Engineer: 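Can you read through this structure? Questions will come right after.
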Amino acid sequence: MSDLIAIAYEGEDTAFRVRDRLVNLTKEHIIELEDLVVVVHHRDGKTEIKQATNLAGMGALSGAFWGLLIGLIFFAPIFGLAIGAIAGALAGRFSDYGIDDKFIKEVAESVGPGNSAVFVLVKKMTPDRVVDAIREYGGRVVRTSLSEAEETNLRDAFGAGTPAKAEVPPPSP
């Protein structure tokens, strides 16, 4: 089962630096992520959401493969490739995978203008190594789906007390 962790940061670009660090940690096999989202609440009030996985691109690639394969069977590989890519891109664009978008927007509004947040859906991690790697960026834990003890340890690692536990919706399948 995956764990959801949302951490808010001072400044609009800090979350992007944390995202880059987390991506490097995945290459080192210290953390395994199911989803990674960066949210920036701009000073003008607009919210920008950047998901790590491009579902439309992944869908287009998958659809192109299957379309080409089916096209080869019916002697129309180019037509099959094109139709498969379009269908896959549309399917990827309209699918909701990972962290719930409504939840992301709700938390994004709470971080305040000029700030950012990172949402991670963690499959597996070495907690002490991950915390050590991102502690330098500061941040405060906004919400988690961790146990109370794990959440308290995480909040303590970032120098924050233990506020009231917030309810976190389960990730979308």
Side-chain angles (χ1 to χ4, degrees), residues 1-28 30-64 85-125 127 130-131 133-146 150-151 154-155 157-160 163-173:
M1 180 171 176
S2 299
D3 290 313
L4 175 66
I5 302 170
I7 304 173
Y9 293 97
E10 297 282 329
E12 293 184 4
D13 63 335
T14 308
F16 288 107
R17 293 195 310 257
V18 172
R19 177 202 59 194
D20 295 342
R21 184 67 185 122
L22 288 170
V23 168
N24 286 336
L25 291 175
T26 62
K27 293 174 185 174
E28 298 172 22
I30 294 172
I31 188 169
E32 188 177 333
L33 301 174
E34 192 170 318
D35 198 6
L36 173 63
V37 178
V38 173
V39 173
V40 178
H41 190 159
H42 294 288
R43 295 188 194 287
D44 62 6
K46 293 182 182 174
T47 304
E48 178 183 2
I49 299 173
K50 296 284 187 181
Q51 289 196 290
T53 55
N54 180 353
L55 297 176
M58 286 178 11
L61 185 62
S62 173
I86 291 168
L90 288 174
R93 171 71 175 100
F94 293 111
S95 64
D96 190 13
Y97 173 78
I99 304 168
D100 183 51
D101 292 342
K102 188 174 123 182
F103 171 68
I104 292 171
K105 289 176 184 172
E106 174 190 316
V107 173
E109 292 298 319
S110 73
V111 300
N115 296 315
S116 56
V118 171
F119 295 78
V120 288
L121 196 54
V122 180
K123 279 186 181 179
K124 191 171 66 173
M125 74 171 166
V130 172
V131 169
I134 63 173
R135 181 180 283 137
E136 69 184 87
Y137 300 102
R140 65 181 166 81
V141 178
V142 179
R143 305 233 181 128
T144 76
S145 64
L146 300 170
E150 291 172 323
E151 184 173 341
L154 186 61
R155 288 183 189 281
F158 285 102
K165 182 110 171 149
E167 188 166 321
V168 176
S172 300

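Computed from heavy atoms alone, side chains included, the values below leave out hydrogens, waters and symmetry copies. As the structure is a prediction and not an experimental result, all values here were calculated from the model.
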Engineer: Taking salt bridge (Lys or Arg N to Asp or Glu O under 4.0 Å) as the test, write out the residues that go with E136, two or more places apart.
Structural biologist: none

Engineer: What's the shortest heavy-atom distance between G11 and S116, and which atoms?
Structural biologist: O-OG, 2.8 Å

Engineer: Under the rule for side chain to side chain donor-acceptor pair (under 3.5 Å), what residues qualify as partners of R135, not counting sequence neighbours?
Structural biologist: D132

Engineer: For E12, does the CD atom sit with more than 12 other heavy atoms under 6.0 Å from it, leaving out its own atoms?
Structural biologist: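 Enclosed: over 12 neighbouring heavy atoms sit under 6.0 Å from CD of E12.
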
Engineer: Taking side-chain contact (heavy atoms from CB on, under 4.5 Å) as the definition, give me every residue that meets it alongside R21, ordered by chain and number, with sequence neighbours left out.
Structural biologist: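 In terms of side-chain contact (heavy atoms from CB on, under 4.5 Å), with neighbours along the sequence ignored, R21 is linked to N24, L25, E28, A133, I134, Y137.
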
Engineer: Output yes when a side-chain donor or acceptor of R155 lies under 3.5 Å from a complementary backbone atom of V141, and no otherwise.
Structural biologist: yes

Engineer: Answer yes or no: is there a side-chain heavy-atom contact under 4.5 Å between I7 and V120?
Structural biologist: no

Engineer: Hey, are the side chains of L33 and V23 touching, using non-hydrogen atoms and a 4.5 Å cut-off?
Structural biologist: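 They are not in side-chain contact.
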
Engineer: If the condition is salt bridge (Lys or Arg N to Asp or Glu O under 4.0 Å), which residues does D13 pass it with, not counting sequence neighbours?
Structural biologist: R17

Engineer: Mind listing the closest non-hydrogen atom pair of N115 and E10 along with its distance?
Structural biologist: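 Of all heavy-atom pairs spanning N115 and E10, the closest is OD1-CA, 3.4 Å.
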
Engineer: With sequence neighbours excluded, tell me which residues meet side-chain contact (heavy atoms from CB on, under 4.5 Å) with E48.
Structural biologist: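 Once residues adjacent in sequence are excluded, the partners of E48 under the side-chain contact (heavy atoms from CB on, under 4.5 Å) criterion are V40, H42, K50.
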
Engineer: Holding to side-chain contact (heavy atoms from CB on, under 4.5 Å), I want the full list of residues that pass it with A117, two or more places apart in sequence or in another chain.
Structural biologist: V111, F119

Engineer: Tell me which one of I5, V131, L22, D3 satisfies side-chain contact (heavy atoms from CB on, under 4.5 Å) with M125.
Structural biologist: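 Single side-chain contact (heavy atoms from CB on, under 4.5 Å) partner of M125 among I5, V131, L22, D3: I5.
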
